[in-house]
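Just so you know, these numbers come straight off a predicted model, no measurement behind them. The chain is numbered in sequence order, starting from 1.
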Amino acid sequence: LYVFSSANVLQSYTMDQLVRLGISWVWMGLEGKKSQYQKLAGTDTHELVSELQSHGISILGSTIIGLEEHTPQNLDAAIEHAVSHNTEFHQFMLYTPVAGTPLFEHHRANGTLIDPECEDPSDIHGQLRFAHRHAHIPPGDETGFLLKAFARDFEANGPSIMRMARATLRGWKKYSKHPDPRVRARFKREACTLPHQYSAVLWATRQWYPKGSPIYREADSILRDLTRHFGWTSKLVASLGGRWVLHSLKKELKRESVEPPTFYERSPGFATVRPQADAAVAVAA
């Protein structure tokens with residue numbers, strides 16, 4: 001199961017219950033220490049994330065950029081707090097008032113919406129610019145903070161596929177000999193790609209980074225642990241398949257600056273729909 005949950009709800013279950021339920025991924029909010037969100041009240045999110053990962057449960061962390069309390073002076077700290085969780089995936093999104101929500105009506109009443117009638121909802125997705133005027137962050141600066149957050153996570157924690165290998169291996173090591181055959185089968189199924197695809201990817205990841213760098217050491221540590229458990233198959237695939245993956249990475253790097261054109265199409269009559277329904281249609285599409 002891949003689930004969305006708050007930290008507080010997760011703590012109402014034991015790890016044994018989560019594992020037996022088949023929880024494989026958890027998408028959870030990880031806002032800053034001074035966040036107003038009650039879903040994080042009284043929770044040590046670092047400890048919770050680490051414990052979930054130790055049981056083979058991967059985390060998609062979700063952090064909002066541009067909360068009411070955010071300023072250009074404290075956003076770096078908020079980003080560092082999010083990145084320090086070292087989740088397998090991390091999503092950063094701009095705080096966005098969407099039509100039909102109390103937040104939207106609050107900003108409409110205050111006159112701070114950029115598009116009060118929400119006539120063009122196609123760009124209200126939280127990955128480019130604010131849909132409202134922020135009290136502390138100058139217009140246009142939000143995009144830079146968003147890009148900085150993603151870049152910082154990659155710089156500090158490395159490729160997500162490496163982190164996924166780490167979590168999957170932890171789960172297999174802990175539960176491959178579990179007394180419950182259903183639990184054993186679940187982790188065996190999840191770990192079936194470790195000796196092959198993941199071995200090759202980890203070898204290439206290690207070679208991609210300077211020797212001795214933190215990401216190099218992390219990839220090397222995971223690969224060594226993996227080959228200890230899966231033996232010669234993993235070593236052979238890592239050496240041969242890894243070279244092919246590394247070659248593919250270098251080939252891809254040469255053409256990464258070429259971006260295909262972006263377009264979107266409107267359904268017939270889309271522009272005549274009321275703003276609230278317009279947004280609903282866009283989300284459904």
Is the number of heavy atoms from other residues, nucleotides or ligands within 6.0 Å of CD (Q17) greater than 12? yes
With a cut-off of 6.0 Å (strictly less than), are more than 12 heavy atoms of other residues, nucleotides or ligands near NE2 of H247? no
Could you tell me which non-hydrogen atom of [X] sits nearest to which non-hydrogen atom of [Y], and how far apart they are?
X    : Y   : result
H178 : R20 : CE1-NH2, 3.5 Å
S5   : L10 : OG-CG, 3.5 Å
A167 : E88 : CB-OE2, 3.7 Å

Contact between [X] and [Y] at the side-chain level, heavy atoms closer than 4.5 Å - yes or no?
X    : Y    : result
K235 : F230 : no
F92  : V83  : yes
E218 : R206 : no
Q53  : I59  : yes
R108 : E117 : yes

Would you say the side-chain atoms of [X] and [Y] include a donor-acceptor pair closer than 3.5 Å?
X    : Y    : result
H70  : N74  : no
T193 : H196 : no
S234 : T227 : no
S239 : R243 : yes

For S248 and W244, indicate whether the former's side chain and the latter's backbone hold a donor-acceptor pair under 3.5 Å. yes
Does E142 use its side chain to pair, donor to acceptor, with the backbone of G140 at less than 3.5 Å? yes
May I have all residue pairs that pass salt bridge (Lys or Arg N to Asp or Glu O under 4.0 Å) and include part of residues 153-163, sequence neighbours excluded? R152-E155, D153-R163
S62: what forms a side-chain contact (heavy atoms from CB on, under 4.5 Å) with it, not counting sequence neighbours? W27, Q91
Applying side-chain contact (heavy atoms from CB on, under 4.5 Å), name anything that partners Q207, two or more places apart in sequence or on another chain. W203, L246
Pair R224 + D220: basic N to acidic O under 4.0 Å: yes
I'd like to know if D225 pairs up with K173 as an ion pair, taking the criterion as any Lys NZ or Arg NE/NH1/NH2 lying under 4.0 Å from an Asp or Glu carboxylate oxygen. yes
Would you confirm whether the ring centroid of [Y] sits within less than 6.0 angstrom of the ring centroid of [X]?
X    : Y    : value
F187 : Y175 : yes
W25  : F89  : yes
H134 : H107 : no
H46  : H85  : yes

Derivation of the side-chain hydrogen bond (donor to acceptor under 3.5 Å, both in side chains) call for S24 and E190: CA-CA 9 Å; S24 181; E190 291 187 354; 2.9 Å; yes
